[in-house]
Q: 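I'd like to ask some things about the structure below.
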Amino acid sequence: MTSAQAFWNRTHTCGELRDEHNDADVVLNGWVDRARDLGGLVFVDVRDRYGITQVLFDPAVVDDETFQLAGTLRGEFVIAVRGFVRVRDGAQRNANTATGDVEIVARGVQLLTRSAALPISLKGDNETSEELRLKHRYLDLRRPELQSKMLLRHEVTLATRNYFHEHKFIDVETPILTKSTPEGARDYLVPSRVHPGDFFALPQSPQLFKQILMISGYDRYMQIARCFRDEDLRADRQPEFTQVDIEMAFITKDILFPILEGWVARVWKDFAGVEIPLPMKRLSYATVMEEYGVDRPDLRFGLKLATVSDLLEGTDAGPLASALALEDGTIKALYLPGEPGQLSRKQLDGLTETAKQFGLGGLLWGKVSNDGVSGAVKKFLTEEQRNAILERLGERNGFDASSTGILLVSAGRTGQVNDAMSRIRVQLGNDLGLISPSAYEFAWVVDFPAFGWNEDEERWDPLHHPFTSPITEHMGMVQSDPGNVLTDAYDMVCNGYELGGGSIRIHDPDVQRAVFSAIGLTEAEARAKFGFLLDALSYGAPPHGGIAFGLDRVVMLLARTEAIREVIAFPKTQKASCLMTEAPNAVDDAQMGELHLVSTAPAKDA
RNA sequence: GGGGUGGUAGUUAAGUUGGUUAUAACGCCGGCCUGUCACGCCGGAGGCCGCGAGUUCGAGUCUCGUCCAUCCCGCCA
């Protein structure tokens, strides 16, 4: 053994000593959390991931050299302390920490390593900029808040594996170096040295492999799979993220959903202490788009929207008439029953700002009070129109159509109106305190349309992915009427997030060919991209389906945080770089040459 | 690619209509202190005001550009 390794090894962690350990001889290893030098006494709080324990250096116990050393200890120095446990007198007990009833009376200390002054604060009271936290992630990860999130993530992952193992699922690893899959997102590419000019893609998901595994007879598959998408980031999106990936053979939705719901219920019970009522409600895509304007509604509060275009036929009010004249125009309304003054002018301006952000000209609003009507609602709506709108909204939301309140109306292209009104709805939920932060409201969204019209490319694009099975009744419409085909796709949503999405897959090669054809893939293109899948389907494919859950989002919700970076140990910035390692970086010409690559990027000034 | 917010000491922030030596707290260094637990008290060091131009007698402050972080749109299930 070298001298560098010879240090006093801990007998206990910094979180476990209690009254019952009184007089025990112990050794602690850890970081100095705080040191308090009182002159004649030195207190040092020693921290590890299990907790914090106070150590007392008393000149009556330790020799002078040890006592001097204790006085030089600073934050984040790593030490080993030898001593005995002493139960503290009543007034000296500290109820704020788990070990606060005892302290270690030191007999000796070893300074294992010193620490430079910290570039970030590890104390919770004033937080450091995220830029510095990411650069010094090794320090940030020492913070107990982050350590508890990493622990939570570990526990959720473990419980997930156990749950699916108990239900006969097999964990199979799929390739990271693979072929580009067609889920719409940009691929991360890896150049091949052996095959000049060819590239692997990192998987956007293991989609095709898990279907292949079903065809191979594995029946129930699960994987905690890393996925990669080269798209711009958001607070809840990282370029690499983790999915709980599931696939099953011989199933329908009604077989699959209870298994998945059972997993969610267990995880939420164990890690959020919440009982999720089962079964979860199922809402059609058409319903949620109509009532919430998004396919991942926040169901913790009401404020349902309603389309009112039909009530405003023949209107001559400018903004409304021009929306109705559009091919895909619509008008939607939202009503806040109650005090007409419940929103300030500033809040209403904020909502208008949101509407503009989504490309609308503005937001029509007006206060309906006992004295009459104000604002754009007075200007643009007749009394009959207003009453008809309130009638519809009242019926949908359960309020009396004669209630006073604030009416919001938004008119324009359907997509923009839905985007804006769904956001406005959530903004109101927050502004008016309608959202309980401790609530979790789950639901399935089902019956998705198969295809969406792509204006730019003038073709039908799969809304989910092209392996999604149409519902049985619509099989024959794939070629003749693609716009009205519904699929057996489903999302699990919670609090405005999409937690997971999946579908029953196509297992008939003829149906698969029809879908490829409907989205404008020629036979030759389909063969080039997915020949192996078409081949596999032709050798006895069982009916199958599955889902993928965003593990990061699941943990994020359980941890009650709003940034996915908080539950990922080494996340990337919004520009998809790692501030700690400074990846990505340039590589030298020799390395480029081996990979048969030449960069066309403009030279950076060093 | 576009819009919002931010960038001042190791950290977090303040900084007036453009004005002389850029403040404070925590941390760091030195001194004092025997029951602290955000210990206390005294003293000290520490600044490319993100970077680059411009306006001006004079810029942390005004203008333009640029970089980084973050939130959002586009993009992305």
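Below, chain A is the first sequence line, B the second, and so on; all start at residue 1. Model, not experiment: these values are computed from the prediction.
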Q: So for Glu103(A) and G35(B), does any side-chain atom that can act as donor or acceptor lie under 3.5 Å from a complementary atom in the base?
A: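 Such a pair exists between side chain and base.
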Q: Given the C1' atoms of U55(B) and G47(B), what is the spacing between them in whole Å?
A: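 My reading of the C1' atoms in U55(B) and G47(B) gives 25 Å.
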Q: Is there a donor on the side chain of Asp89(A) or the base of G35(B) sitting less than 3.5 Å from an acceptor on the other?
A: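 Absent.
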Q: May I ask you to say what Ser577(A) touches in the nucleic acid, namely base, sugar-phosphate or nothing, with a heavy-atom cut-off under 4.0 Å?
A: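 Answer is sugar-phosphate: Ser577(A) comes under 4.0 Å of backbone atoms only.
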Q: What do you reckon, are the aromatic ring centroids of Phe530(A) and Phe516(A) less than 6.0 Å apart?
A: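 Yes - the distance between ring centres of Phe530(A) and Phe516(A) falls below the 6.0 Å cut-off.
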Q: Among G30(B), C37(B), C71(B), which nucleotide sits nearest the side chain of Arg74(A)?
A: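 Taking heavy atoms from C-beta onward, the closest nucleotide is G30(B).
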Q: So for Arg34(A) and G27(B), does any side-chain atom that can act as donor or acceptor lie under 3.5 Å from a complementary atom in the base?
A: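 When only heavy-atom distances are counted, Arg34(A) does not reach the base of G27(B) through any donor-acceptor pair under 3.5 Å.
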Q: Take the angle between the ring planes of Tyr138(A) and His136(A) and call it parallel below 30°, perpendicular above 60°, tilted in between.
A: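 Taking His136(A) first and then Tyr138(A), their aromatic rings stand perpendicular (interplane angle over 60°).
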Q: When you match Leu118(A) and Asn94(A) each to their closest nucleotide on RNA chain B, which lands nearer the 5' end?
A: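 Nearer the 5' end of the strand: Leu118(A).
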Q: For the P atoms, the ones on A9(B) and on A24(B), what distance do you get once it is rounded to whole angstrom?
A: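 Looking at atom P only, A9(B) and A24(B) are 15 Å apart.
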Q: For Gln54(A), which contact category applies under a 4.0 Å heavy-atom criterion: base, sugar-phosphate, or nothing?
A: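 Base, at least one base heavy atom under 4.0 Å.
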Q: With both distances under 3.5 Å as the test, what is the Watson-Crick or G-U wobble partner of A53(B)?
A: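 Pair assignment: A53(B) / U63(B).
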Q: Using purine N1 to pyrimidine N3 plus N6-O4 or O6-N4 for Watson-Crick, or N1-O2 and O6-N3 for G-U wobble, both under 3.5 Å, which nucleotide pairs with C41(B)?
A: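 Checking every strand shown, C41(B) finds its partner in G31(B), with both distances under 3.5 Å.
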Q: For Glu240(A) and Arg229(A), run salt bridge (Lys or Arg N to Asp or Glu O under 4.0 Å): C-alpha distance rounded to whole Å, both residues' side-chain angles, the deciding distance at 0.1 Å, then the answer.
A: CA-CA 7 Å; Glu240(A) 54 181 308; Arg229(A) 291 178 189 162; over 6 Å; no
Q: If you only use heavy atoms from C-beta on, which nucleotide in U34(B), U12(B), U70(B) is closest to the side chain of Leu132(A)?
A: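 Among the listed nucleotides, the one closest to the side chain of Leu132(A) is U12(B).
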Q: Within the structure shown, what part of the strands sits under 4.0 Å from Asp37(A) by heavy-atom distance: base, sugar-phosphate, or nothing?
A: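 Base contact.
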Q: How close or far is atom P of C72(B) from atom CG of Asp419(A), stated in whole angstroms?
A: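 Taking atom P of C72(B) as the reference, CG of Asp419(A) is at 14 Å.
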Q: Between G43(B) and C26(B), how many Å separate the two P atoms, rounded to a whole number?
A: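 After rounding to an integer number of Å, I get 13 Å for this pair.
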Q: For residues Leu363(A) and Ser410(A), report the shortest heavy-atom separation together with the two atoms involved.
A: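 Looking at all heavy atoms of both residues, the closest pair is CD1-CB, 4.0 Å.
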Q: Grab the CD1-P distance between Ile120(A) and A13(B) for me, whole Å please.
A: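 After rounding, the gap between these two atoms is 14 Å.
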Q: Between U11(B), A38(B), U36(B), spot the one nearest the side chain of Ser121(A), thanks.
A: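 Nearest to the side chain of Ser121(A) among the choices is U11(B).
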Q: May I ask you to decide if the ring planes of Phe448(A) and Tyr285(A) are parallel, tilted or perpendicular, using 30° and 60° as cut-offs?
A: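 Tilted, since the angle between the ring planes falls between 30° and 60°.
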Q: What do you reckon, are the aromatic ring centroids of Phe77(A) and Trp31(A) less than 6.0 Å apart?
A: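 Not under 6.0 Å, so no.
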Q: Nearest to the side chain of Arg234(A), heavy atoms from C-beta on, is which of U70(B), U12(B), C72(B)?
A: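 That would be C72(B).
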Q: Taking the C1' atom of each, how far is A13(B) from G1(B), in whole Å?
A: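 Rounded to whole Å, the distance is 34 Å.
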Q: Detail all sub-3.5 Å separations between protein N/O atoms and N/O atoms belonging to nucleotides 2-5 of chain B.
A:
none

Q: Could you state the atom-to-atom distance from CG of Leu38(A) to P of C37(B) in whole Å?
A: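 Answer to the nearest Å: 8 Å.
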Q: Can you list the residues that meet the side chain to side chain contact (heavy atoms under 4.5 Å, CB included) rule with Gln427(A), with sequence neighbours excluded?
A: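 Only Leu351(A), Thr354(A), Asp431(A) meet the side chain to side chain contact (heavy atoms under 4.5 Å, CB included) criterion with Gln427(A).
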Q: U5(B) and G52(B): how far apart are their P atoms, nearest whole angstrom?
A: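 U5(B) and G52(B) have their P atoms separated by 24 Å.
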Q: Heavy atoms under 4.0 Å, any strand shown: does Arg88(A) hit a base, just sugar-phosphate, or nothing?
A: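 Result for Arg88(A) = base.
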Q: Should G6(B) form a Watson-Crick or G-U wobble pair with both distances under 3.5 Å, which nucleotide is its partner?
A: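 The base-pairing partner of G6(B), which may sit in any strand shown, is C68(B).
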Q: What's the CD-P distance between Glu566(A) and U70(B), to the nearest Å?
A: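 Glu566(A) atom CD is separated from U70(B) atom P by 11 Å.
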Q: Is Arg565(A) close enough to C71(B) that one of its side-chain N or O atoms is under 4.0 Å from OP1 or OP2 there?
A: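 Answer is yes, contact under 4.0 Å.
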Q: Counting the atoms with a prime plus P, OP1 and OP2 as sugar-phosphate, which does Arg423(A) contact under 4.0 Å by heavy atoms, base, sugar-phosphate, or nothing?
A: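 Sugar-phosphate contact only - Arg423(A) comes under 4.0 Å of backbone atoms but never of a base.
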Q: To the nearest 0.5 angstrom, please state how far the CZ atom of Arg88(A) sits from the CG atom of Asn94(A).
A: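 Output value for this atom pair is 5.5 Å.
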Q: Measure from the side chain of Gln92(A), starting at C-beta and using heavy atoms only, and say which of G74(B), C76(B), C37(B) lies closest.
A: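 Nearest nucleotide to the side chain: C37(B).
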Q: Would you kindly give the CZ-to-C1' distance between Arg133(A) and U70(B), to the nearest whole Å?
A: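 It works out to 12 Å between those atoms.
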Q: Would you mind telling me which of G35(B), U11(B), C75(B) lies closest to the side-chain atoms of Arg186(A)?
A: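 So the nucleotide nearest the side chain must be C75(B).
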Q: Classify the side chain of Arg86(A) versus the base of G35(B) as yes if they form a donor-acceptor pair under 3.5 Å and no if they do not.
A: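 For Arg86(A), whose side chain was compared with the base of G35(B), there is a donor-acceptor pair (under 3.5 Å).
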Q: Distance check, P atoms only: G35(B) and A22(B), in whole angstrom units.
A: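 Taking atom P in both G35(B) and A22(B), they lie 42 Å apart.
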Q: What residues form a ring-ring contact (aromatic ring centres under 6.0 Å, His included) with Tyr440(A), not counting sequence neighbours?
A: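 Expected list: Trp268(A).
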Q: Measure CD1/Ile424(A) against C1'/C72(B) and give the value in whole Å, please.
A: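 Between C1' of C72(B) and CD1 of Ile424(A): 15 Å.
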Q: Please give, in whole Å, the distance from G35(B) P to Phe57(A) CZ?
A: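 For the pair Phe57(A) CZ and G35(B) P, the rounded distance is 18 Å.
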Q: Given the P atoms of G19(B) and G60(B), what is the spacing between them in whole Å?
A: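 After rounding to an integer number of Å, I get 10 Å for this pair.
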Q: Identify the heavy atoms of Leu326(A) and Arg413(A) that sit nearest to each other, and give their distance.
A: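 Heavy atoms of Leu326(A) and Arg413(A) come nearest at CD1-CG, 3.8 Å.
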Q: Describe the nucleic acid contact of Leu56(A) in one word from base, sugar-phosphate, nothing, applying a heavy-atom distance below 4.0 Å.
A: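 The answer is base, as Leu56(A) lies within the cut-off (heavy atoms under 4.0 Å) of a base atom.
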Q: Choose from U36(B), U12(B), C68(B) the nucleotide whose nearest atom is closest to any side-chain atom of Lys575(A).
A: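 The nucleotide sitting nearest to the side chain is C68(B).
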Q: Rounded to the nearest 0.5 Å, what separation is found between the CD atom of Glu498(A) and the CZ atom of Phe549(A)?
A: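 Output value for this atom pair is 10.0 Å.
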Q: Is the distance from OP1 or OP2 of C68(B) to the nearest side-chain N or O of Thr573(A) less than 4.0 Å?
A: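 No, outside the criterion.
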Q: Taking only the P atom of each, what is the distance from C49(B) to U11(B) in whole angstrom?
A: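 About 14 Å, rounded to a whole number of Å.
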Q: Between Arg36(A) and Arg114(A), name the one whose nearest nucleotide on RNA chain B is closer to the 5' end.
A: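 The residue mapped nearer the 5' terminus is Arg114(A).
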Q: Once you round it to whole Å, what is the distance between C1' of U36(B) and CG of Asn96(A)?
A: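 For the pair Asn96(A) CG and U36(B) C1', the rounded distance is 13 Å.
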Q: Indicate, with a heavy-atom threshold strictly under 4.0 Å, whether Ala117(A) touches base, sugar-phosphate, or nothing.
A: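 Result for Ala117(A) = nothing.
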